[in-house]
Structure formats: C-alpha cells, structure tokens
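Values in this document were obtained by computation on a predicted structure and should not be read as measured data.
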Amino acid sequence: MATSTGSVSNQAVQINQGSYSQQSYGPGHTCNSSTLVFTPFYLGNDVNPEPYVRNQNFGAQVSFSVPLDFEMVSLCKELAKRKLEKERLDYALVRALKCAELLKLGYKIREDSPFAPVCADVVPITAVVPSSSAASPVILRSSQQQP
C-alpha cells in the first residue's frame with residue numbers, strides 16, 4: 001500500500017484598475033484622460049507543521065488605459081478652458097462693479113491695505129477723459145461748404 005502526504009497552496013491575485021483619471025471643472029463637467037497605473041503586490045504564506053514552510057511572492061502589474069474617443073477628450077478640455085475664461089471675466093467684471101460702487105459712495109480702500117491693489121485700476125472716466133470745457137472743440141466741415 002502506498003501513501004502520500006503534502007499540502008497545496010492555491011493563491012491568485014486580482015487587481016482592479018478602476019476608472020480613468022478624471023479632472024473636474026465644476027458640477028457636471030469632468031474630463032477623462034489617459035492613466036498609467038503601477039500596482040505592486042506581495043503574497044505571503046506560512047505553514048507551521050514540520051517542516052516549517054514559508055512562501056513569499058512579489059510582483060507588480062503595469063497598465064496603461066487610454067480613452068478611445070480622443071475627440072471627446074479634446075472637446076471636454078476646450079469647454080473647460082472656455083469655462084475658466086468665463087469665470088475670470090466674471091470675476092473681473094464683478095470686481096470692477098463693486099469697486100465702482102465703493103467710489104460712487106465716496107469710499108476707497110486705503111493704500112496701505114493689502115487689498116488696495118484690488119481696486120487700484122478702477123478709476124472714474126472723469127479722471128481719465130478731460131472735461132469738455134477744457135478741451136478745444138473740433139469743427140468738421142464738408143468739402144462742399146465754403147468758409
């Protein structure tokens with residue numbers, strides 16, 4: 001009669017990559033992009049009966065994910081640029097309006113304040129354009145009129 005003894009270890013590694021990298025430009029506006037993923041792993045197994053056995057497995061997985069529709073990625077990024085430009089313009093207009101309101105009410109930000117540059121470039125038109133009494137009038141005559 002023959003007998004056999006031993007043990008078997010069956011181990012597997014499953015690595016889930018997840019979704020693409022996403023950049024968010026506000027509610028409802030996210031763009032996917034390519035993703036490079038490096039995932040290291042370690043598996044260890046200790047068996048205590050005589051003789052003591054220790055198994056160690058090291059490894060890594062590298063994957064590169066690319067969106068198949070690059071036109072949509074480009075369009076999404078272009079829309080994001082436009083959105084950021086609009087937000088910059090909105091900020092500049094609101095800043096100018098609020099500074100003009102302060103000036104109209106007779107207030108200004110002190111020059112030694114850290115916020116002085118916020119309204120430094122907002123000036124009333126009267127401070128830039130000379131008044132009509134100080135400027136010399138220009139008279140236009142058509143070529144058909146005699147002096």
Subject >> Cluster check Phe38, Leu36: I/L/V/M/F/W/Y, side chain < 4.5 angstrom >> reply: yes
Under 3.5 Å donor-acceptor pairs involving side-chain atoms of residues 77-86, not counting sequence neighbours:
from  : atom 1 : to    : atom 2 : distance (Å)
Lys83 : NZ     : Tyr25 : O      : 2.7
Lys86 : NZ     : Asp90 : OD2    : 2.7

Subject >> Residues which pass ring pair (Phe, Tyr, Trp, His ring centres under 6.0 Å) with Phe58, listed by chain and number, not counting sequence neighbours >> reply: Tyr42
**OP:** Taking all heavy atoms of Pro124 and all of Leu103, pick out the closest pair and write down the distance.
**Re:** CD-CD1, 4.2 Å
Original post:
Partners of Glu71 by salt bridge (Lys or Arg N to Asp or Glu O under 4.0 Å), sequence neighbours excluded?
Top reply: none
**OP:** Rounded to the nearest 0.5 Å, what's the gap from CG on Leu89 to CG on Leu93? Could you check?
**Re:** 4.5 Å
Original post:
Does Cys76 have any side chain to side chain contact (heavy atoms under 4.5 Å, CB included) partners at least two apart in sequence or in another chain, and if so, which?
Top reply: His29, Cys31
Original post:
Which atom pair, heavy atoms only, marks the closest approach of Cys119 to Ile109?
Top reply: SG-CD1, 4.0 Å
**OP:** Can you run down the side-chain hydrogen bond (donor to acceptor under 3.5 Å, both in side chains) pairs that involve residues 99-114, sequence neighbours left out, and say none if there aren't any?
**Re:** Lys108-Glu111, Arg110-Asp112
Original post:
Considering residues at least two apart in sequence or located in another chain, which fulfil the salt bridge (Lys or Arg N to Asp or Glu O under 4.0 Å) criterion with Arg88?
Top reply: none
**OP:** State, to 0.1 Å, how close Phe41 and Ala60 come at their nearest heavy-atom pair, and which atoms those are.
**Re:** CE2-N, 3.5 Å
Original post:
So do Val122 and Arg95 actually touch side chain to side chain, heavy atoms under 4.5 Å?
Top reply: yes
